[in-house]
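Here is the structure we will look at.
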Amino acid sequence: MNNTPPTGAIGQPLARTEGEDKVAGHAPYAYEFSFREPLYLHPVLSTVARGRVTAVDASSALALPGVRTVLTHDSAERLAATDDREFAVLQDPDICFRGQIVAAVVADTPEEARYAASLVRVQEQAEEHDVLLTSGHPALYRPEELSAYPEVDTVQGEPEAALDRAEVVIDRTYRTPMEHNNPMEPHTSTALWAEAEGGHLTLYDSTQGAHPVRETLVHVLGLAPAQVRVISPHVGGGFGSKGSPHAHNVLVAMAARALPGRAIKFALTRQQMFTLVGHRTPTIQRLRLGAHRDGSLQVMVHDVEEHTATVKEFAEQTAVCTRMMYSAPHRRTTHRLAALNVPIPFWMRAPGECPGMYAVESAMDELAVELGMDPIELREQNEPEVDPETGLPWSDRSLLRCLREGADRFGWHDRDPRPRSRREGDWWVGTGVASAVYPHMINPGSEAEIVYTSGSYIVRIGAADIGTGARTVLGQIAADALAVPISNVRVEIGDSDLPTASVAGGSSGTSSWGSAIVAAAAAFRDQHGHTPMEGDRVQEAAPRGTVAEGYAIYSFGAHFVEAWVNADTGEVRVPRMYGLFSVGRVINPRTARSQLIGGMVMGLSMALHEHSVLDPRLGHVVNADLAQYHVAVNADVRSVQAEWLEQSDTHATPMGSRGIGEIGIVGAAAAVANAAHHATGTRVRNLPLTPDRFLVEPGGPQDQPWSERSL
């Protein structure tokens with residue numbers, strides 16, 4: 001690890017390049033591009049969770065003067081590829097979940113399209129459905145693979161025998177509910193099909209990756225890559241849900257091909273986003289920890305049950321953090337899915353590590369209480385010298401520094417370790433801690449082009465800025481790689497006509513794209529020197545050996561939380577959150593702090609509020625809007641501080657940086673739950689931490705999980 005301090009543009013807290021345009025309303029989002037006489041699409045969604053469409057009567061809708069067409073499974077075009085059933089839109093009458101697209105209206109105005117959609121009469125034959133994940137569900141099965149991880153289950157040593165021998169055993173089950181991403185900008189697309197020269201589709205889309213959207217549409221529609229262009233210069237948040245195209249992208253493209261020459265605009269309503277663009281699966285996680293009385297872990301067993309959709313499998317890698325987080329000679333992780341009549345789960349804010357570390361760090365806290373140890377001391381006791389999963393040395397594991405220095409900065413050592421030991425008026429007060437971890441990821445295939453023109457360097461790459469400040473940090477990387485002032489660099493992103501870029505997901509964007517830019521800068525200097533001529537250009541891909549082999553590369557952090565729980569109502573307040581992180585070299589402190597604080601607040605939201613309530617009778621989410629699906633806001637926390645260690649990890653990237661987009665949320669919910677237990681003595685293992693869960697005697701039986709309550 002190299003601790004060289006930052007120089008040049010990297011390390012400077014520069015304001016966002018596009019910030020002024022966004023504040024002034026000049027930055028165009030997908031729905032805002034101007035067209036002459038655009039048309040508007042509104043879908044008709046199924047009202048049963050399983051069944052078939054037996055008839056569609058669109059006559060009343062078609063009789064309206066502004067209606068241009070109604071697409072149904074009988075009238076829509078036949079797609080070239082339907083192997084991925086998420087994209088097999090309007091190809092057959094089967095209904096696999098409530099809220100599935102069963103028809104669509106295109107009209108002159110959004111109001112006409114919405115009204116006409118309400119007039120389309122869809123007859124549905126309902127069949128028996130199952131949408132409820134319960135512990136030990138009879139339909140549970142072992143998936144083929146996890147998202148991004150080849151090993152579904154892992155075993156080291158003899159876990160069951162080690163549990164039998166352990167002096168102290170913690171056997172707990174933790175539950176997290178179905179949750180939904182709710183970016184401020186909904187999923188939107190504007191499509192235009194031009195018939196000239198064999199046809200060409202232009203899609204203005206709110207996406208975390210223009211190139212992945214193009215690849216999907218090329219495959220599904222049977223087009224050549226040159227026939228599809230995806231433009232996405234600005235994105236109003238995604239959090240994983242925009243990390244891949246969904247059914248709505250195919251639907252708006254089909255509508256555009258049915259009405260060539262007219263731009264078709266489609267903005268999902270907030271309610272439609274609860275069925276069409278993914279969600280985080282609920283989890284049931286059984287954690288078993290076996291340890292000696294001195295706190296040394298001997299065994300860790302993490303068994304996970306989740307749901308997936310019948311239409312398409314998505315397996316979240318919830319237990320992977322248990323494979324590498326702490327020392328234990330014996331361990332096992334398993335993942336099981338129940339395919340239910342629910343919408344398709346998808347990526348959501350650190351998928352896998354986020355719910356998984358909630359369970360692991362809650363269990364570690366319970367073990368510390370059982371042993372009478374300080375929670376930080378327990379983690380120190382079980383610090384592995386090498387990666388327990390692979391045996392590789394760490395490139396930079398600074399977890400103990402984050403815990404120790406974070407404890408000093410937070411004021412951890414002033415706490416009374418006894419639960420229910422501090423009361424301020426009507427409030428019980430406690431503090432909690434949890435570790436954070438997230439793997440270093442780089443997606444292959446990104447390329448960057450550098451063009452010299454009019455005294456400036458134009459950096460072109462099809463990356464996505466989803467509100468993270470990508471334009472700004474990529475410009476800083478380019479400036480230092482070219483050894484020029486940042487004012488001499490201009491970055492162009494958000495277009496599939498630009499050089500290929502991987503998706504903005506898995507905290508991999510800056511690492512993947514920045515590595516390509518560094519490679520392109522080196523090639524540019526090699527070919528054109530430091531006095532280039534007008535029009536000189538170079539295009540280069542990130543080298544395959546960007547990440548050093550032979551190392552386990554992760555980011556780490558420590559969350560500290562102060563929680564107040566009302567003694568009479570059970571209401572939980574969190575006036576103070578503090579996080580200290582090890583993320584390699586920080587390219588832009590201003591945007592980095594924004595990312596880390598955003599993640600921490602999302603973790604607070606996960607702990608206290610977020611819960612999509614699924615009605616098992618009808619198969620729909622009953623709180624499918626922002627009025628009822630509660631998320632944390634400014635009033636929910638008075639102080640959120642995020643800091644980091646000054647480091648550089650050149651094993652990870654040539655910039656010395658690692659991803660920071662998701663490390664802020666991992667572990668945050670566990671820290672809140674641990675603080676609430678310290679405040680009250682009541683251990684809540686089912687998120688969210690609603691007031692009713694604390695209206696029990698300390699140490700008493702837990703209330704039923706939401707999934708097993710009757711509505």
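Each residue takes its place number in the sequence, starting with 1. Note that the structure is a prediction, hence the values are computed from the model and not measured.
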side-chain contact (heavy atoms from CB on, under 4.5 Å) evaluation trace for T72 with V44: CA-CA 9 Å; T72 71; V44 180; over 6 Å; no
State whether the side chain of [X] and the backbone N or O of [Y] hold a donor-acceptor pair below 3.5 Å, judged by distance alone.
X	Y	result
T54	Q123	yes
T216	P212	yes
D615	G619	no
N182	M184	no
K242	Q208	no
E662	S507	yes
K312	D84	no
R98	V48	no
Q125	G51	no
Y629	H180	yes

Of the non-hydrogen atoms in [X] and [Y], which two are nearest, and what is the gap between them?
X	Y	answer
R16	G469	NH1-N, 3.1 Å
C354	R349	CB-O, 3.5 Å
R270	P183	NH1-O, 3.0 Å
P93	H73	CB-NE2, 3.8 Å
V122	V53	CG1-CG1, 3.8 Å
S189	L203	CB-CD1, 4.0 Å

Could you verify whether a donor N or O on one side chain and an acceptor N or O on the other, from [X] and [Y], lie under 3.5 Å apart?
X	Y	value
T47	E124	yes
S605	E610	yes
S512	N443	no
N623	H611	no
T188	S206	no

Which residue pairs pass the ring-ring contact (aromatic ring centres under 6.0 Å, His included) test with at least one member in residues 78-132, sequence neighbours excluded? none
Supply the atom-to-atom distance [X] [atom1] to [Y] [atom2], rounded to the nearest 0.5 angstrom.
X	Y	atom1	atom2	result
E306	L146	CD	CG	8.0 Å
R590	Q595	CZ	CD	14.5 Å
L221	R257	CG	CZ	5.0 Å
L39	T190	CG	OG1	11.0 Å
H26	E20	NE2	CD	9.0 Å
T318	E353	OG1	CD	8.5 Å

Is there side-chain contact between [X] and [Y], with at least one heavy-atom pair below 4.5 Å?
X	Y	result
L223	L217	no
R85	C96	yes
T308	T281	no
V230	D495	no
N341	T310	yes
E179	M348	yes
L608	P688	no
V637	L604	yes

Give a yes or no on this: more than 12 heavy atoms of other residues, nucleotides or ligands lie within 6.0 Å of atom CG of N634. no
Within 6.0 Å of CD in Q628, more than 12 heavy atoms from elsewhere: yes
Please identify which of these residues, F35, Y29, F266, meets the ring-ring contact (aromatic ring centres under 6.0 Å, His included) condition with Y204. F35
Report the C-alpha separation of L276 and H187 in whole Å, then their side-chain angles, then the decisive distance to 0.1 Å, and conclude whether the side-chain contact (heavy atoms from CB on, under 4.5 Å) test is met. CA-CA 10 Å; L276 294 176; H187 290 243; over 6 Å; no
So, applying side chain to side chain contact (heavy atoms under 4.5 Å, CB included) with V89, which one of V220, V250, T82, V252 is it? V250
Please work out which of the three classes, parallel, tilted or perpendicular, describes the rings of F346 and F314, given edges at 30° and 60°. tilted
Could you walk me through whether M254 and L79 pass the side-chain contact (heavy atoms from CB on, under 4.5 Å) check? CA-CA 9 Å; M254 293 166 68; L79 298 172; 4.1 Å; yes
Kindly indicate, with the supporting measurements, whether the criterion side-chain contact (heavy atoms from CB on, under 4.5 Å) is fulfilled by R214 and R229. CA-CA 7 Å; R214 183 179 70 174; R229 181 185 182 188; over 6 Å; no
